[in-house]
Amino acid sequence: MATEIHNLQELRHNASLATKVFIQRDYSEGTLCRFQSKFPSELDNRIERSLLEETVKTLNSYYVEAEKIGGQSYMEGCLACATAYFVFLCMETRYEKVLKKISGYIQEQNEKIYAPRGLLLTDPLERGMRVLEISVYEDRGSSSSSPSSSSMSSACSTAR
Amino acid sequence: MSTSGADSLKPSAFIPVCTAACLLFGSTSLFFVFTCPWLAVSISPAVPPCCAVIFLFVLANFTMATFMDAGVLPIANEDEDKEEDFRAPLYKNVDVKGVQVRMKWCGSCHFYRPPRCSHCSVCDHCVEDFDHHCPWVNNCIGRRNYRYFFMFLLSLTVHITAVLTFGLLYILNHREELWELHCTVTLVVVSISGLFLIPVLGLTGFHLYLVFRGRTTNEQVTGKFQGGVNPFSRGCCKNLEYLVCSPISPKYTGRSFKKTTVHVQPPFLRPEIDRQMPLKLKDNGIQSKDVSKKVGFITLSDTSQIKPPPPLPPKPDHGLLKSHLAALDSMLTLASEQQTNSRSQERSRGSPVAGIQPGHDTSQSQASLHTNTIAGSLPLSSLTLNSRSLTLKHNSHHGNKGSNPQPGIMSATNLFPNHNSLSYDNLMSSPDLHMLSQRGGATMSCHPHFMTLASDGSLVQRPPPPHAYSPVFMGVARQSPHISSRDVPPPSAAARYDNFSKTIMASIHERRDIEERDRMLRLHGRPQPLFGVEMGIYDIPSRRSLPPDNIRQTGSRGPTPPAYGSREFLMSTGILGYGIRSSPLSSSSTSSLTRGPRTSTSPLQTSSSSSLQTKGRTSSPLLGPADRQPQPLPTFTATLPRKPSLSSAPSYATYATTKRSSLSYGSEKDSPTAGTLK
């Protein structure tokens, strides 16, 4: 294909997964879900510190909100008891709602900030809330073996 | 309930739970059928409904405890696993609210178990906040279902108590009809209830205790927090509140994750890297050009776009060093140029080399070889030499030691890098001591790749010093005593000093002082130089400002630290380190040593400066520079890079400031110097 030649010259690149960086949990305040805000050195030249720190900070705040013991959690508990926990079949808990918000936030961050930098965040939920996984992609360089000129899309990690 | 555990799916695993279920259902049903009608009539019609509610509660909690995921952690991916396998210590310590908690590596699940997490051998998975595996529900009890288990126990206790009480009431009222059906059944129910009340009550009380103490069964049984503080406890009431009212954490396994496609397509954005290499790379001519070319080419679509130039071999302080080298070179070049112009041919041959020489690290020396070769091929004459010196100035910085060899040596020079210094040696042997002083140091600095010059000018093949951090500094340093003894620091050089980074200045000054005192010691052999030595010549910037005036020969400069990276510097720090260890006087330094292995060497400044504060100049008074050749400490490498920036950060005039900075630095917590260097 003629486009192949053009591809080589147009510097069309494909991304390939190079490595994964893991941001571990911060257990300094107990078993509350919190991730370390220490910036991993592997990402030094991939993303600005402030961006990643902001992301982690926001995630931590989401988790704090999810695990907050307050009015809403009392209500949920009482309701659950009163209905012999049948309410769980019909209603979503607050935690689940916040998790959905987190998932949306991670998706948005990926699209806006991380994917343009060749990174992808994985929802910590998929890893049992133990680590925040950041997949690092490298530019594989234009490849003559890839006739397609379209960009390669990497699906968000769905491994379980 | 169980996910993949082999044991929990065995038929025998179901026996307890079936037994428990049968007993519960059966007894309660019998109670409701045979005993409750009389209770409703004789005592109160509200009794059966209440009992029914309680029983419903028991059932609900039993169901939740049996079927709810306890908080099973999914097995880690191989990617995560790879990260751990290399180091693979069995335990990882983590700090939880000030208490060190051990996280154990789970071989089955391939991650370090979070605090309070444990692996259930029956179910073969790790459970968050693992309590125990309950056979009566055939399920792990963990973070997500502990409250249901606890509620089950509570409600079961209440239920059993109620059944027992009302059954006894019935029997007591039907003593004469004891062998009738109703009575017999009630008797059986009462017996079963009475039989199970004792263990259930005991278990409930036990778990009530655990909840109040904030522990899990696992922790209680293993005695984890027996003697110490439980960091997971929030206090009695808060623990109860957490148990009952906290939101239920999500299930991790068996979850359907939305497949979202995010396009990851190069070119990738890169952050702007704040380069630590202020590239005054006029001396780095050839290489820098190549590098810049390369960088420029990779504009958008390559990952190494903003990466610093790769070609130079890795050295921890390379970038910083380069800037220093460049600065130093320019100074010395200018100085040597002046000398060149005013000197004879012989001398002028050496001068540009001297000017260029100092402080080229080994990588640059390689490049210098090429430039030397180029230079060497030019015909030698005084005029051409002068011009060549300019050329070399442009090209070299890379240990152009022998850049202007004598004719006889030229061929040799072209062949080996060593011959750069070979020609230098000839220059060194020139009678002009001043020149010698300038060149000698420079020769030394080309150390690892060049033959070096002994003090008498003869060529000496010297093995690379173990700590040749910065040849340039060594070279520069060595110039100092001679220059100072001459009392002729090149004015232009002096002027240049003002433009240099403080690190270089400090190094130069210190170096000069060291050499000076060394000479003093040798010449006079008095203890006073010892004392002067102790005064912080060696490496402590703070001490530099406190040298005794009678020791210092030159009044031109303030006290200087040893040249960064110079052998003397290293030796001095070693001396100081040893001295601190052996000195009984500096208790503060000793205390800094006990902090940890690294503190024994790095806060040499700290300890000595602190001791300076407390006791004056006592830290290392016991040491004479000529007396010891201390072994360099292994932690030097870790600590040394911090020193120059520390020395450079405060001005030497501010002794107190320096000391403060060195003290804070000595604590080794987020040293800004380390950050700078990195």
Side-chain angles (χ1 to χ4, degrees), chain A residues 11 13-15 19-20 22 25 27-31 33 44-49 66-69 73-74 76-77 81 84-85 93-96 99 103 107 110-111 114-120 123 125-131 133 137-141 151-156 158-160, chain B residues 56-57 59-61 63-64 72-74 76-77 79-80 83 94-97 101 103 111 114-116 126 128-129 143 148 151 231-232 234 241-242 244-250 252-255 257-273 300-303 306-307:
Chain A
L11 298 179
H13 297 275
N14 293 320
T19 183
K20 287 188 183 180
F22 299 98
R25 275 271 291 272
Y27 292 109
S28 60
E29 288 173 29
T31 48
C33 187
D44 255 335
N45 60 341
R46 298 304 298 257
I47 190 169
E48 290 86 348
R49 249 167 220 262
E67 293 181 0
K68 201 171 84 137
I69 300 176
S73 61
Y74 281 129
E76 269 180 10
C81 266
Y85 311 115
T93 62
R94 185 156 145 263
Y95 209 121
E96 294 280 340
L99 285 179
S103 173
Q107 169 83 4
N110 273 337
E111 281 167 6
Y114 290 89
R117 289 168 173 77
L119 305 170
L120 271 187
D123 196 333
L125 193 61
E126 299 176 29
R127 299 286 172 264
M129 306 282 249
R130 287 178 301 102
V131 289
E133 184 181 302
Y137 289 86
E138 287 292 346
D139 182 8
R140 227 173 37 202
S151 65
M152 191 148 121
S153 64
S154 312
C156 235
T158 58
R160 277 162 237 181
Chain B
L56 201 62
F57 204 57
L59 272 185
N61 285 306
T63 310
M64 293 296 269
V72 172
L73 292 171
N77 279 349
D79 301 323
E80 202 183 333
E83 196 188 53
V94 78
D95 187 70
V96 179
K97 292 183 187 170
V101 173
M103 300 204 308
F111 52 74
R116 305 197 106 180
C126 273
E128 217 177 350
D129 288 5
R143 183 178 176 188
Y148 306 118
M151 287 301 175
F232 304 107
R234 300 169 178 80
E241 180 194 46
Y242 179 80
V244 175
C245 308
S246 69
I248 301 163
S249 59
Y252 304 129
T253 56
R255 194 172 259 270
F257 294 105
K258 220 172 32 167
K259 262 195 189 182
T260 52
T261 306
V262 177
H263 290 260
V264 179
Q265 181 201 348
F268 298 140
L269 299 175
R270 298 285 176 156
E272 285 182 12
I273 294 176
L300 281 176
S301 55
D302 201 283
T303 55
I306 310 181
K307 269 184 193 165

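Below, chains carry the letters A, B, ... as their sequence lines are ordered, and counting in each starts from 1.
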*Asks:* Which bit of Leu73(B) is near chain A, if near means a heavy-atom gap under 4.5 Å: side chain, backbone, both or neither?
*Replies:*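 When you check distances to chain A, only side chain atoms of Leu73(B) fall under 4.5 Å.
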
*Asks:* Most heavy-atom pairs under 4.5 angstrom with chain B, which of Gly30(A), Pro116(A), Ala84(A)?
*Replies:*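 It is Pro116(A).
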
*Asks:* With a 4.5 angstrom heavy-atom cut-off, is it the side chain or the backbone of Arg117(A) that approaches chain B, or both, or neither?
*Replies:* both

*Asks:* Give, as side chain, backbone, both or neither, the part of Tyr27(A) having an atom under 4.5 angstrom from any heavy atom of chain B.
*Replies:* both

*Asks:* Measure the spacing between CE of Met129(A) and CG of Asp123(A) and express it to the nearest 0.5 Å.
*Replies:*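 Between Met129(A) CE and Asp123(A) CG, I get 8.0 Å after rounding to 0.5 Å.
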
*Asks:* Heavy atoms only: give me the nearest Thr253(B)-Val72(B) pair and the separation to one decimal.
*Replies:*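 Heavy-atom minimum between the residues: CG2-O, 3.8 Å.
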
*Asks:* Are any of the side-chain heavy atoms of Asp129(B) and Phe232(B) separated by less than 4.5 Å?
*Replies:*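 Asp129(B) does not reach Phe232(B) side chain to side chain.
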
*Asks:* Tell me, side chain or backbone of Glu76(A) under 4.5 Å from chain B's heavy atoms, or both, or neither?
*Replies:* neither

*Asks:* Where the side chain of Ser73(A) meets the backbone of Cys245(B), is there a donor-acceptor pair that is under 3.5 Å apart?
*Replies:* yes

*Asks:* Can you tell me if Glu133(A) uses its side chain to pair, donor with acceptor, with the backbone of Arg127(A) under 3.5 Å?
*Replies:* no

*Asks:* For the CG atom of Asn77(B) and the CZ atom of Phe22(A), what is their distance to the nearest 0.5 Å?
*Replies:* 7.0 Å

*Asks:* Side chain, backbone, both or neither: which part of Cys81(A) has an atom under 4.5 Å from a heavy atom of chain B?
*Replies:* both

*Asks:* What part of Pro115(B) is in contact with chain A, defined as an atom under 4.5 angstrom from a non-hydrogen atom: side chain, backbone, both or neither?
*Replies:*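 Both backbone and side chain.
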
*Asks:* Any donor and acceptor pair, going by atom type alone, linking the side chain of Arg46(A) with main-chain N or O of Tyr137(A) inside 3.5 Å?
*Replies:* yes

*Asks:* Between chain A and each of Pro250(B), Ala60(B), Ser249(B), count heavy-atom pairs under 4.5 Å; write down the option with the most.
*Replies:* Pro250(B)

*Asks:* Do you know which of Arg25(A), Glu67(A), Arg49(A), Glu111(A) has the most heavy-atom pairs with chain B at a distance under 4.5 angstrom?
*Replies:* Glu67(A)

*Asks:* Is the shortest side-chain heavy-atom distance between Glu138(A) and Thr19(A) below 4.5 Å?
*Replies:*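 When only atoms from C-beta onward are counted, Thr19(A) and Glu138(A) do not touch, as no gap falls below 4.5 Å.
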
*Asks:* Do Glu241(B) and Arg234(B) meet the salt-bridge criterion of a basic N to acidic O distance under 4.0 Å?
*Replies:*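 Answer for the salt bridge query: no.
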
*Asks:* Pick one of side chain, backbone, both or neither for Tyr242(B), based on which atoms fall under 4.5 Å of a heavy atom in chain A.
*Replies:*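 For Tyr242(B), the contact with chain A is made by backbone and side chain together.
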
*Asks:* So for Leu99(A), is it side chain, backbone, both, or neither that comes closer than 4.5 Å to the heavy atoms of chain B?
*Replies:* side chain

*Asks:* Would you mind checking which part of Asn61(B) comes under 4.5 Å of any heavy atom in chain A, side chain (CB onward), backbone (N, CA, C, O), both or neither?
*Replies:* both

*Asks:* Please identify, among Pro231(B), Cys126(B), Pro114(B), the residue contributing the most non-hydrogen atom pairs under 4.5 Å to chain A.
*Replies:*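 Of the candidates given, the most pairs with chain A belong to Pro114(B).
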
